[in-house]
Trainee: 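Handing you a structure now.
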Amino acid sequence: MKYGYFDDEKKEYVITRPDTPAPWVNYLGSPEYGAIVSNNAGGYSFAKSGANGRILRYVFNQFDEPGRYIYIRDNESRDFWSASWQPVGKDLSEYKSECHHGTAYTKMMADYSGIHSEVRYYVPLGKSYEVWSLAITNDTDKVRSVNVTGYAEFTNNSNYEQDQVNLQYSQFITKSVFHDNRVRQMIHANLDQIENGKEVDNKIVVNRFFGLAGAEVQSWCGDKEEFLGRYHGYGNPQGVINGKLNNQGNYNENGCGALTTALSIAPGETKEIAFLVGMKDDAEAGEIVASYTDTASVCKEELEELISYWHKQLSHFQVKTPSPEFDTMINTWNAYNCFMTFIWSRAASFTYCGLRNGYGYRDTVQDIQGVIHLAPEMAVEKIRFMLSAQVDNGGGLPLVKFTHNPGHEDTPDDASYVQETGHPAYRADDALWLFPTVYKYVSETGNVDFIDEVIPFANKDEGTVYEHLKRAIDFSMNHLGKHGMPAGLYADWNDCLRLGKDGESTFVALQFYYAMTILKEFAAYKKDESYIGYLDECQKNLGNLIQDLCWNEDRFIRGFTENGEVIGKRDDPEANMWLNPQSWAVISGLADEKQGDLALQQVYDRLNTEYGAILMDPPYHAHAFDGALAVIYNAGTKENAGIFSQSQGWIILAEALRGHGERAFEYFMENAPAAQNDRAEIRRLEPYCYGQFTEGKASPNFGRSHVHWLTGTASTVMVGCVEGILGMRPDFYGLHIAPSVPKAWDEFEIDKDFRGCHLHITVKNPNHAESGCKKLLVNGQEMEGNYIPEEILTAETVVELYLS
Ligand code: GLC
């Protein structure tokens with residue numbers, strides 16, 4: 001079943017049926033001000049943090065309520081509806097609507113009883129408030145008198161938890177008043193006489209506003225219960241039914257902003273107004289509302305500016321292939337998904353809003369990878385930040401606090417850190433993610449000077465980027481397990497796998513192996529011969545250990561517990577086949593070709609499904625070892641044999657690195673949201689963004705996906721597609737092009753900005769190969785192999801590659 005389509009030109013997903021199987025949402029704003037909005041206008045807003053800066057309320061698990069509601073009432077018939085289908089929910093035979101989710105804006109069109117409305121929700125570029133701009137048109141031939149009411153439900157406390165569960169406190173600190181076309185909601189208003197913003201019990205006055213521009217407010221309300229009316233709901237607010245709000249604010253209980261304007265619209269006429277929401281002091285709120293006096297043109301300009309900003313960001317890498325699903329994901333939606341995850345890490349969605357007060361180390365370092373090919377200058381800022389969260393012993397801080405202060409942080413070795421963050425110890429993999437991320441950045445940009453940039457460590461001292469990476473190697477070398485592979489510590493990538501402090505994870509061992517390959521390139525650049533010798537030696541030993549201990553006939557095992565139990569053996573009754581050690585054996589370069597292919601074949605035969613490869617199989621149920629936390633989940637779910645979508649990116653990459661274009665693309669298509677647009681009733685999640693996982697074949701809901709938007713999947717699949725399928729593999733001095741594509745692809749094109757030049761690449765495949773380069777021409781000149789050295793790039797470089 002389908003609920004909409006991709007408009008690739010406008011970079012929008014257009015929802016034509018509003019009764020989607022789940023709220024289908026979009027992200028608006030920036031790290032300063034975030035807003036999530038669903039196709040039925042449900043969602044919340046926050047300043048900086050979804051958990052601690054919550055402005056608009058949203059109740060999880062409540063059928064997508066409340067939201068940014070705009071009610072329209074015909075004052076003659078007294079009939080009313082909403083500019084989004086819900087909350088009023090008119091009969092869909094009479095109410096027509098479209099929701100266009102675009103890059104950082106969402107537009108909703110509705111037609112009902114001869115009135116056309118179009119509301120555009122957005123956060124203006126560089127601003128920290130939101131706009132709901134509304135154009136309302138009379139499509140009939142008589143004058144229509146309508147009331148338009150905007151409704152914003154403020155939280156009673158910026159901390160969402162206090163707002164939801166501590167009402168004996170939070171309901172008694174809120175108060176709202178009205179002046180100059182806006183509702184002003186105050187939290188702790190009673191502290192306004194305390195001198196100069198001094199805090200009392202860590203509290204100060206907080207101001208929010210809900211204003212109207214472009215029309216006069218006819219009536220207003222600042223009290224949720226007064227607006228809705230007891231025993232009414234968002235679908236039939238008493239204030240809207242009455243045709244006039246009560247002109248009263250709240251004092252205690254629940255604040256809100258509700259503003260009604262009365263419009264008389266001539267036949268064919270369009271009126272434009274805008275509601276504005278933010279967390280600003282009163283004077284600034286006044287200035288903001290006043291700046292929208294020329295409503296229609298200000299909003300139009302802002303929206304255009306926003307669209308061109310985002311389309312420019314995306315323009316740095318565009319493809320044209322025979323697969324519309326691949327194109328829409330790479331050109332727009334996977335890329336936008338990567339940016340959103342990059343901006344908000346995993347901290348704000350409809351399933352999670354950031355109980356943790358910081359950034360997860362591995363998550364953040366991985367997420368950076370998804371935007372490097374589009375916005376390396378943005379990426380490097382975050383890389384610096386994450387390097388500054390590396391402890392001087394080389395390990396990463398499992399949680400990097402929002403208040404991170406490089407050089408002055410406590411660490412998992414300090415009780416204070418453990419108490420504050422809830423993270424008891426270092427994780428085995430955190431700092432190892434730095435290697436591919438830093439490498440990708442330096443290779444994308446050619447900015448080799450970055451290697452020598454000095455960056456502080458989290459707790460004390462500082463060092464060059466090169467030194468930081470060396471310390472990460474030291475960290476693993478100083479924490480070896482019983483067999484001499486990196487120790488399991490608290491956990492590896494898999495949050496649900498506790499091998500024990502001295503256990504050993506094959507995945508981490510493979511990451512470590514790969515890290516050494518990468519660092520050798522940096523060392524070669526630094527002409528650090530003795531260090532290369534050291535790494536060669538360590539890598540050889542580690543490689544031998546992995547081969548001896550972890551290869552189990554046709555697959556790599558998952559690891560050893562600290563008691564010496566082997567996890568993931570082929571004759572185990574449960575969890576005898578794991579995805580990540582197989583893909584990473586190839587990615588890391590550890591597996592030889594034959595071994596790699598055998599392991600990949602096992603994945604294909606044993607783990608692959610029509611929705612992607614499951615994380616491991618069979619699920620844990622009766623034979624879970626003590627550290628197999630996955631058993632807490634239902635079979636076929638999350639880490640317990642779910643299709644953990646993040647891992648899909650790695651299997652795409654592994655197959656592509658082996659030149660298996662057919663397989664790589666098959667793995668892409670199975671889990672690509674866009675490829676499931678017509679199976680929305682099964683997938684449920686938005687068909688334009690990744691989720692954390694899809695239920696595996698052990699679940700009765702096989703194919704249903706969960707935990708939308710902010711997931712590591714966005715970046716791993718992006719890397720799997722860009723580096724893997726499309727084969728864009730830069731190194732310090734140029735670019736390798738090594739596509740692995742379906743045989744059926746005759747030809748495809750890539751437009752890529754690279755080191756100040758534009759590359760227009762055409763890949764031709766007359767012999768229907770999956771991979772392999774027969775000939776590479778750069779501006780007509782034939783290259784040796786598939787490599788383009790940086791020196792020969794021109795402002796407009798024309799590249800032609802013939803697959804063998
Ligand atoms: C979640 C976590 C991530 C972890 C993954 C696998 O996505 O955010 O840190 O690696 O699950 O357990």
Side-chain angles (χ1 to χ4, degrees), residues 4-15 24 26-27 100-106 306-343 367 369-376 378-379 440 444 645 648-649 652-653 656 661 664-665 667-669 671-677 686-690 709 711 713-730 735 737 739-742 745-754 758-763 799:
Y5 64 92
F6 291 91
D7 180 338
D8 287 327
E9 194 130 331
K10 295 208 174 94
K11 298 192 176 293
E12 288 178 346
Y13 185 81
V14 182
I15 298 167
W24 284 2
N26 199 10
Y27 281 72
H100 295 224
H101 283 316
T103 47
Y105 66 90
T106 286
L306 198 60
I307 291 170
S308 66
Y309 170 82
W310 277 106
H311 288 197
K312 175 97 189 124
Q313 293 284 21
L314 301 180
S315 73
H316 300 304
F317 192 87
Q318 292 285 300
V319 297
K320 204 153 107 200
T321 75
S323 165
E325 294 87 357
F326 188 79
D327 292 1
T328 201
M329 291 310 297
I330 300 305
N331 294 341
T332 304
W333 290 102
N334 192 358
Y336 189 63
N337 200 170
C338 284
F339 275 115
M340 293 306 109
T341 313
F342 175 83
I343 292 174
D367 292 342
Q369 295 184 12
V371 303
I372 290 177
H373 66 300
L374 293 165
M378 242 190 214
K440 283 179 211 303
E444 183 64 37
S645 313
Q648 202 71 12
I652 294 171
L653 182 61
F665 191 69
Y667 282 122
F668 166 81
M669 284 295 275
N671 205 243
Q676 293 178 51
N677 192 36
E686 294 91 332
Y688 45 88
C689 77
Y690 280 101
W709 278 97
T711 151
T713 314
S715 74
T716 60
V717 176
M718 186 52 107
V719 171
C721 292
V722 173
E723 260 181 57
I725 294 176
L726 298 169
M728 299 285 104
R729 298 182 203 150
L735 176 67
I737 307 187
S740 281
V741 297
W745 285 14
D746 285 320
E747 185 174 314
F748 62 97
E749 290 168 34
I750 303 170
D751 279 285
K752 173 172 173 57
D753 289 334
F754 186 59
H758 176 82
L759 273 57
H760 180 74
I761 304 165
T762 309
V763 178
V799 179

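These values consider heavy atoms only, across backbone and side chains, with no hydrogens, waters or symmetry-generated copies. These numbers come from a predicted model, not from an experiment.
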Trainee: Any side-chain heavy atom of V799 sitting closer than 4.5 Å to one from T762?
Mentor: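 In short, these two side chains do not touch, never coming nearer than 4.5 Å.
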Trainee: Just how far is it from atom SG of C721 to atom OH of Y667, taken to the nearest 0.5 Å?
Mentor: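 With rounding to 0.5 Å, SG (C721) is 14.5 Å from OH (Y667).
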Trainee: Looking only at atom types and distance, does a side-chain atom of N26 sit under 3.5 Å from a main-chain N or O of Y105, one as donor and one as acceptor?
Mentor: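 At least one qualifying donor-acceptor pair exists.
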Trainee: Which value, rounded to the nearest 0.5 Å, describes the distance between I343 atom CD1 and C338 atom SG?
Mentor: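 Separation between the atoms: 11.5 Å.
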Trainee: Yes or no on side-chain contact (heavy atoms from CB on, under 4.5 Å) for M718 and F317, after CA distance, side-chain angles and deciding distance?
Mentor: CA-CA 11 Å; M718 186 52 107; F317 192 87; over 6 Å; no
Trainee: Run the side-chain contact (heavy atoms from CB on, under 4.5 Å) test on Q676 and E325 for me, step by step, so that the C-alpha distance in whole Å, both residues' side-chain angles and the decisive distance to 0.1 Å come before the verdict.
Mentor: CA-CA 9 Å; Q676 293 178 51; E325 294 87 357; over 6 Å; no
Trainee: Run the numbers on Y13 and W24 for side-chain contact (heavy atoms from CB on, under 4.5 Å), then give the verdict.
Mentor: CA-CA 10 Å; Y13 185 81; W24 284 2; 4.0 Å; yes
Trainee: Could you tell me which non-hydrogen atom of A656 sits nearest to which non-hydrogen atom of S740, and how far apart they are?
Mentor: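 For A656 and S740, the tightest heavy-atom pair comes out as O-OG, 2.8 Å.
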Trainee: Go through the structure and list residues passing ring pair (Phe, Tyr, Trp, His ring centres under 6.0 Å) with F342, not counting sequence neighbours.
Mentor: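 Here no residue qualifies.
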Trainee: Are any non-hydrogen side-chain atoms of L759 and L735 less than 4.5 angstrom apart?
Mentor: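 Yes, at least one pair of side-chain atoms sits under 4.5 Å.
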Trainee: Can you spot which of H373, Q318, H316 makes a side-chain hydrogen bond (donor to acceptor under 3.5 Å, both in side chains) with D753?
Mentor: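 Output: one option passes, namely H316.
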Trainee: Could you work out, with ring pair (Phe, Tyr, Trp, His ring centres under 6.0 Å) as the rule, every residue matching F748, not counting sequence neighbours?
Mentor: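 F748 satisfies ring pair (Phe, Tyr, Trp, His ring centres under 6.0 Å) with W745 only.
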Trainee: Using ring pair (Phe, Tyr, Trp, His ring centres under 6.0 Å) as the criterion, list what pairs up with F339, not counting sequence neighbours.
Mentor: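 Listed in chain order: W310.
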Trainee: Ring centroid separation for Y688 and F6, is it under 6.0 angstrom?
Mentor: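 They do not qualify: ring centres at least 6.0 Å apart.
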Trainee: Please tell me if the side chains of F326 and M669 come closer than 4.5 Å, counting only heavy atoms from C-beta onward.
Mentor: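 Not touching, per the 4.5 Å side-chain cut-off.
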Trainee: Quick one: side-chain hydrogen bond (donor to acceptor under 3.5 Å, both in side chains) pairs with a partner in residues 329-343, sequence neighbours left out?
Mentor: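 As it turns out, the side-chain hydrogen bond (donor to acceptor under 3.5 Å, both in side chains) pairs with a partner in residues 329-343, which skip direct neighbours, are K11-T332.
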Trainee: Ignoring hydrogens and angles, tell me if any N or O in the side chain of S715 forms a donor-acceptor pair with the backbone of G370 under 3.5 Å.
Mentor: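 Side chain of S715 to backbone of G370: no pair is present.
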Trainee: What's the spacing between L314 CG and I330 CD1 if we round to 0.5 Å?
Mentor: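 The CD1 atom of I330 is 11.5 Å from CG of L314, to the nearest 0.5 Å.
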Trainee: So which heavy atom on T328 is nearest to which on A674, and how close?
Mentor: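 That closest heavy-atom pairing would be CG2-CB, 3.6 Å.
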Trainee: What distance do D751 atom CG and I761 atom CD1 have between them, rounded to the nearest 0.5 Å?
Mentor: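 CD1 of I761 is found 8.0 Å from CG of D751.
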Trainee: Would you name the heavy atoms of L306 and A104 that are closest together and state the gap between them?
Mentor: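 Nearest pair, atom of L306 first, then A104: CD2-O, 3.3 Å.
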Trainee: Quick check: do L726 and I750 have side-chain heavy atoms less than 4.5 Å from each other?
Mentor: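 The answer is yes; the side chains approach within 4.5 Å.
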Trainee: Nearest 0.5 Å, what's the CD1-OG1 distance between I725 and T321?
Mentor: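 Reported to 0.5 Å precision, the distance equals 9.5 Å.
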Trainee: Taking side chain as C-beta onward, heavy atoms only, is I15 less than 4.5 Å from H101?
Mentor: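 When only atoms from C-beta onward are counted, H101 and I15 do touch, with a gap below 4.5 Å.
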Trainee: So does T713 get a backbone contact from the side chain of Q648, meaning a donor-acceptor N/O pair under 3.5 Å?
Mentor: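 Flag not set: sc Q648 to bb T713 has no pair under 3.5 Å.
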Trainee: Checking side-chain contact (heavy atoms from CB on, under 4.5 Å) against V722, which of M728, R729, Q369 comes through?
Mentor: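 Answer to the side-chain contact (heavy atoms from CB on, under 4.5 Å) test with V722 among M728, R729, Q369: M728.
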Trainee: For E12, does its backbone N or O pair with a side-chain atom of D7 as donor and acceptor, under 3.5 Å?
Mentor: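 Pair absent, no side-chain N/O of D7 close to backbone of E12.
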Trainee: With rounding to the nearest 0.5 Å, note down the distance linking OH in Y690 to OG1 in T716.
Mentor: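 Going from the OH atom of Y690 to the OG1 atom of T716 covers 8.0 Å.
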Trainee: Applying salt bridge (charged side-chain N to carboxylate O under 4.0 Å, His left out), can you list everything that pairs with E444, at least two apart in sequence or on another chain?
Mentor: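 Testing E444 for salt bridge (charged side-chain N to carboxylate O under 4.0 Å, His left out), a comparison that skips the adjacent residues, returns K752.
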Trainee: Got E749 and V319 here, is their nearest side-chain heavy-atom distance under 4.5 Å?
Mentor: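 Answer no - side chains too far apart.
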Trainee: Is the shortest side-chain heavy-atom distance between K440 and E723 below 4.5 Å?
Mentor: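 They are in side-chain contact.
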Trainee: Which pair of heavy atoms, one from A335 and one from L374, lies closest together, and at what distance?
Mentor: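 Minimum heavy-atom separation between A335 and L374: CB-CD1, 3.7 Å.
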Trainee: Holding to salt bridge (charged side-chain N to carboxylate O under 4.0 Å, His left out), I want the full list of residues that pass it with E686, two or more places apart in sequence or in another chain.
Mentor: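 With neighbours one apart ignored, the set is empty.
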